[in-house]
Colleague: 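The structure follows.
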Amino acid sequence: MSLTGSRFSGRGAWLPSRTGLLKGGRVVATLAATLLGLLLITFLIGRVMPIDPVLAVVGERATNEVYEATRKAMGLDQPLIIQFFTYIREVVTGNFGTSLLTSRPVIQDIARVFPATLELATVATMIGVALGIPAGVLAAVHQGRWPDHFVRLIGLFGYSMPIFWLGLVGLLVFYGKLDWVAGPGRLDVFFEDVVPQVTGVILIDSLLAGDLEVFTNALSHIILPASVLGYYSLAYISRMTRSFMLEQLAQEYITTARVKGLSETRVIWGHALGNVMVPLITVIALSYANLLEGSVLTEIVFAWPGIGFYITNALLSADMNAVLGGTVMVGIVFIGLNLLSDLLYRVFDPRAG
Amino acid sequence: MSKLTSAWAIGLLAAVSLTAPASFADTPKDTLVVATTIDDIVSLDPAEAFEFSGGDLLQNTYDHLVEFDPMDLSAGYQPGLATSWTVSEDGKTFTLTMREGVKFQSGNPFTAEDAEFSLRRAVLLEKTPSFILTQFGFTKDNIEQTIKATDAKTLVITTDKKYAQSFVLNCMSATIGSIVDKKTALEHEKDGDMGYEWLKTNTAGTGAYSLKTWKPNESYVLEANAEYWRATPAMKRVFVRHIAESASQRLLLEKGDIDVARNLTPEDIAAVAANGDLRVDEDLRGRIVYMSLNQKKAPLNDPKVIEAFKWAIDYKGMTETILRGQYTVHEAFLPLTYLGELKDKPYTLDIAKAKALLAEAGHADDVAVKINVRNEPSYMAMAQAIQGTLTEAGIKVELTPMTGKQSLGEYRAREHDIYLGAWGPDYPDPHTNADTFAHNPNNSDEAKLTGKLAWRNAWDIPEMTKETEAAVQEADRDKRAEMYRAIQKEHQMTSPFVVMFQKIEQTGLRKNVENLVTGSAISSVYYWTVTK
């Protein structure tokens, strides 16, 4: 599943209906159909994988009797189609089952791991946007000169460097040598469970609790992994901004604006960038959605208990309830961001109304 | 632009200064912070837990009827929650006297009733490790007669036949022998599950620590039980964090943010050893690495071909290079330090001999095999080294990397050619490995003795099976040890198992951490002995 890259070309993808009800109904129907398809595919992949989910539970030593009893208890002796419908029936009632690996309801697990990913992806995207857009603008304005080469080089580096390696080097330099940031993990162990969990996003929870010490500690932990991911996002956003800006700067209305005597700052940051914002929303949403899927390697290096590691670990152990639950969550995020970018698109581009 | 640039610069500066970590030079004196991997924990119920990390957690939260002295593991089992025991003349009835004055973490007093409940539920729940108890003949139907608290201080256990006393008591020291707080478990009982659902994620023992929090794949926190009957733990809190990456563990250790790093690669171990603030401890663990040849597949069932494989492995070379510091050469199925250990290493790399054996068998250049191997760096490195020397001997090898669960499925179905893997003992008695490597009472497919490696490799051994059964009943300790040595010698010569290595665990520690016992081959980690 992916966000529609064609969204900013706009027309007709989601025609506004006259009644809000109909519109809402369509959204829900699309959502349900997409999720059902997603579940079916994930379910089938999970069942045809050459991994035995029963062994994930009973372990290597299990006798055949224990194995068979567990297989039956897990419902795996039923035909595939029955298994799927049983699962869907449970999901509809809000029950995503229990994870084999954690022995806890999947929904509880997701409520624990997703906020960690959300927090990381959000800070990373903020870094990516805050640095990527100005860098892209700068490169476009100075096309062919050293600022352009510099930004492109930075972008190329961000694109080419394995994120795992970047994370390790970052840790070695900024944590190991310079002591500027804290090490792996979301918090120092001594701060764990100090503030009550409200949203699961520690930066927010600590502020809600008014505990600045925890907030600062969480910030010192998140800044490096978020910068590493943000760098990757920066590389993408700056490249796209540059290319959109070049397109806009060649337009006649820019020449007109300059002829009218508007300052260069206003021409670039007001007129050109204003028009670039529309396609940029999709780019940012895409980048954000990718980060929200969880970045397994970054999560491993930084011991960040996010959804990427959760789903990967579950998949390798054939913990299908966890995989399906996690996939639905990621699916909802993608669809949600798709809708959000549609909405923002309308805000920024009155023609889309 | 310039204003904007300045704003960015100020913003970045502010961010950096704001995030400068409130770092600790070292962790507090009464707190231990451990980095390890805990993503294998499936359940915390002692009747079900069967993974390494789960064993570590439960070792510190529960006690057993008999215990090991962590400071002298080689001394064997000692009184634990049972202070003494007697065995009837026929060798079948064990009468154990319970320790008085011990309390569970809930505050409930420990009695024989808790011991009866714990052992019975382990049998009744029928989870994977239940075989450790059911091998003594305990069943759902006879459990009320065979495991019985006759009063608050006395537990009577009756086995179906005579077994070596050491065998029975050694099994009681395994995780499944953990004594659970009956009252607390039953308070959380659902649909007659004896507290199973609750105990999967909680603990209720008499151990040195209680589990404060457990976040799967993330961390758990243990809090000391101030009234622990064996000693007052110096470490009031133990934080165990899941950190999979060795380099991350090393950095945290070097910075003093953790006290112990348990999953360091040889490169990181070398760096830790060279650091004056740190230390490396080595401990010989129970895991055996072996390669086995499926006897259903010709010509792998030809004794000469089997022997050729044993001469075509560079045991020493691997431990000096890719497995440096992580494994030691060991060629018998019982881990060193076990009763009946065998130190003989009859095989070394001898390509000429392997070639000659293959030629004698009439298979000089027509043996082509697939080796199933876990797709993990250390196993893949071993597999590639083995592939190299086997190829030199004229054996064509195709490596099939698989996930652990995937390779096990094929192995248990007896569909593999060759399996390269590891086996860790389930309880600290030689029978644990003898039962799997040298015992196969029914080699038919229908028997589905999937828990036994001899069966998985279709190795039909009626004589050795009898010898193994005799050894487990031998009461005389020395004689028993001798019997296991004899079985292993024969096994080395005739079996389709190429036993190669025994695991060495290397742990990186801050220099001030003392007495951390990782459990050697027979036990799990102990935290209550640690001082700083």
Side-chain angles (χ1 to χ4, degrees), chain A residues 49-53 55-67 69 99-104 109 112-113 130-131 134 138 168 171-172 175-176 179-185 188-190 192-193 213 216-217 219-223 265 269 300-303 305 309-310 313 316-318, chain B residues 1 4 8 11 15-16 18-24 27-28 31 33 35 39 41-44 50-51 126-131 197 200-201 213 215-219 221 239 241-245 247-248 251-252 254-255 257-258 402-406 408-410 412 426 436 448-451:
Chain A
M49 269 193 325
I51 303 180
D52 189 340
L55 277 178
V57 181
V58 299
E60 182 178 2
R61 317 293 164 88
T63 60
N64 203 47
E65 292 73 33
V66 172
Y67 178 91
S99 159
L100 303 179
L101 287 179
T102 67
S103 300
R104 296 176 190 211
D109 281 345
R112 187 172 52 83
V113 297
L131 299 176
L138 199 69
L168 278 178
L171 265 181
L172 185 67
Y175 166 63
D179 211 8
W180 285 5
V181 298
D188 283 358
V189 285
F190 310 101
E192 276 189 28
D193 303 315
E213 213 179 347
T216 313
N217 189 262
L219 199 61
S220 73
H221 276 271
I222 202 171
I223 198 77
T265 309
W269 296 95
I300 289 175
V301 173
F302 290 96
F309 181 72
Y310 179 72
N313 205 22
L316 290 176
S317 308
Chain B
M1 276 298 288
L4 202 83
W8 277 116
V16 167
L18 187 64
T19 62
S23 69
F24 295 87
T27 56
T31 303
V33 185
D39 53 344
I41 299 180
V42 175
S43 170
L44 299 184
F50 214 31
E51 295 73 33
E126 291 185 309
K127 299 298 172 191
T128 301
S130 63
F131 73 89
E197 279 302 324
K200 273 169 94 171
T201 54
T213 58
K215 297 177 188 165
N217 298 339
E218 194 179 332
S219 64
V221 182
F239 292 88
R241 292 179 60 186
H242 176 78
I243 295 170
E245 175 54 34
S248 305
L251 272 174
L252 284 161
E254 286 172 348
K255 297 286 288 180
D257 282 338
I258 59 170
M402 298 172 161
T403 67
K405 305 273 179 323
Q406 203 181 342
L408 272 181
E410 211 170 280
R412 289 167 61 100
D426 299 320
T436 194
K448 291 206 168 169
L449 303 177
T450 47

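What you see is a predicted model; the values in this text were computed from it and never measured. Quick note: numbers below take in every heavy atom, side chains included, and nothing from hydrogens, waters or symmetry partners. Residue numbering restarts at 1 for every chain, and letters A, B, ... go by the order of the sequence lines.
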Colleague: Flag the pair B:Thr213 / A:Glu192 as yes when at least one side-chain heavy-atom distance between them is below 4.5 Å, and no otherwise.
Modeller: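 No - every pair of side-chain heavy atoms lies 4.5 Å or more apart.
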
Colleague: Under a 4.5 Å heavy-atom cutoff, which of B:Val33, B:Asp426, B:Thr201, B:Ile41 has the most pairs with chain A?
Modeller: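 That would be B:Asp426.
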
Colleague: Can you check side chain to side chain contact (heavy atoms under 4.5 Å, CB included) on A:Tyr67 and B:Arg412, steps first, answer last?
Modeller: CA-CA 11 Å; A:Tyr67 178 91; B:Arg412 289 167 61 100; 3.9 Å; yes

Colleague: So, do B:Glu218 and A:Val113 sit near enough that their side-chain heavy atoms are less than 4.5 Å apart?
Modeller: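 Sidechains of A:Val113 and B:Glu218: no contact.
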
Colleague: Considering only heavy atoms from C-beta outward, does the side chain of B:Lys215 approach that of A:Asp193 to under 4.5 Å?
Modeller: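 With C-beta onward as the side chain, the pair touches.
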
Colleague: Which answer fits B:Thr31, side chain, backbone, both or neither, if we ask what part of it has an atom under 4.5 Å from a heavy atom of chain A?
Modeller: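 Only the side chain of B:Thr31 comes within 4.5 Å of chain A.
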
Colleague: Working to the nearest 0.5 angstrom, can you tell me the gap between A:Leu168 CG and B:Leu251 CG?
Modeller: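 The distance works out to 8.0 Å.
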
Colleague: Taking the inter-plane angle between the rings of B:His242 and A:Phe309 on a 0 to 90° scale, is it parallel (under 30°), tilted (30 to 60°) or perpendicular (over 60°)?
Modeller: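 Judged by the thresholds at 30° and 60°, the geometry between B:His242 and A:Phe309 is tilted.
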
Colleague: What part of B:Glu254 gets within 4.5 angstrom of chain A, counting heavy atoms only: side chain, backbone, both, or neither?
Modeller: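 Neither part.
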
Colleague: State, to 0.1 Å, how close B:Lys200 and A:Ser103 come at their nearest heavy-atom pair, and which atoms those are.
Modeller: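 In this case the closest contact between B:Lys200 and A:Ser103 is CE-OG, 3.3 Å.
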
Colleague: Which heavy-atom pair separates B:Ala244 from A:Ile300 by the least distance, and what is that distance?
Modeller: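 The answer is CB-CG2, 4.1 Å.
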
Colleague: Is any side-chain heavy atom of B:Pro216 less than 4.5 Å from a side-chain heavy atom of A:Arg104?
Modeller: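 Result yes, sub-4.5 Å side-chain heavy-atom pair found.
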
Colleague: Do you know which two heavy atoms are closest between B:Asp39 and A:Asn313, and how far apart they sit?
Modeller: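 Looks like CB-ND2, 3.5 Å.
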
Colleague: Under a 4.5 Å heavy-atom cutoff, which of B:Leu252, B:Leu449, B:Ile243 has the most pairs with chain A?
Modeller: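 Of the candidates given, the most pairs with chain A belong to B:Leu252.
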
Colleague: Contact part of A:Leu172 toward chain B, heavy-atom cut-off under 4.5 Å: side chain, backbone, both or neither?
Modeller: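 For A:Leu172, backbone and side chain are both near chain B.
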
Colleague: List the atom of B:Asn217, the atom of A:Tyr310, and the distance in Å for their closest heavy-atom pair.
Modeller: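 So the minimum-distance heavy-atom pair works out to ND2-CD1, 4.5 Å.
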
Colleague: Look at the side chain of B:Lys255 and the backbone N and O of A:Tyr175, then say whether any donor-acceptor pair between them is shorter than 3.5 Å.
Modeller: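 The answer is yes, because a donor-acceptor pair under 3.5 Å joins these two groups.
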
